[in-house]
Amino acid sequence: MHSIKSYSAKQILKIMTQIVQVWQSERYDRIVRNDLELTNMWEYIRQNPVKAGLSDSPEGYPFFWQETDLQI
């Protein structure tokens, strides 16, 4: 997890210099028990850049990626 956070934070900061902190210091492991929980969790993740004021939509965020055939 440390390697993922470190690498992605450095890459993001190269492009979006106004961001000071990319990752929160804590993390919460959670078991996804059903499709509804997975859908809710994915939508929460998608909306994070919008809530942070970094984009008007999840798709407009430069680091957004989603398989087009992903079915949740």
Side-chain angles (χ1 to χ4, degrees):
M1 184 59 75
H2 172 75
S3 295
I4 292 170
K5 285 184 168 185
S6 177
Y7 177 80
S8 61
K10 288 175 185 173
Q11 296 305 308
I12 291 168
L13 290 173
K14 285 180 183 178
I15 296 170
M16 303 184 83
T17 57
Q18 77 275 14
I19 299 174
V20 176
Q21 181 178 354
V22 175
W23 293 98
Q24 292 179 332
S25 59
E26 68 275 335
R27 64 181 177 94
Y28 300 99
D29 293 335
R30 173 104 166 73
I31 295 172
V32 178
R33 292 181 171 81
N34 58 47
D35 288 343
L36 179 59
E37 285 187 10
L38 178 60
T39 300
N40 290 340
M41 191 173 292
W42 176 242
E43 190 58 28
Y44 172 83
I45 292 167
R46 290 178 77 244
Q47 292 300 325
N48 278 337
V50 177
K51 290 178 185 175
L54 301 173
S55 177
D56 293 333
S57 69
E59 295 78 12
Y61 185 57
F63 302 100
F64 176 80
W65 174 82
Q66 178 177 327
E67 288 283 335
T68 55
D69 60 351
L70 181 67
Q71 295 185 8
I72 298 178

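In this text, all values refer to a predicted model and were calculated from it rather than measured experimentally.
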Sequence neighbours left out, cut at 3.5 Å: what donor-acceptor pairs do the side chains of residues 6-13 make with other protein atoms?
unit_1, atom_1, unit_2, atom_2, d
S8, OG, I4, O, 2.8
S8, OG, K5, O, 3.3
S8, OG, W23, NE1, 3.1

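- Contact between F64 and R46 at its shortest, heavy atoms only, is CE1-NE, 3.8 Å.
- Not one N or O on the side chain of Q47 forms a donor-acceptor pair closer than 3.5 Å with the backbone of E43.
- I45 is linked by a side-chain contact (heavy atoms from CB on, under 4.5 Å) to M41, W42, counting only residues two or more places apart in sequence or in another chain.
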All N/O donor-acceptor pairs, side-chain side in residues 48-56, below 3.5 Å, sequence neighbours left out:
unit_1, atom_1, unit_2, atom_2, d
S55, OG, S57, N, 3.2
S55, OG, S57, O, 2.5
S55, OG, Y61, N, 3.2

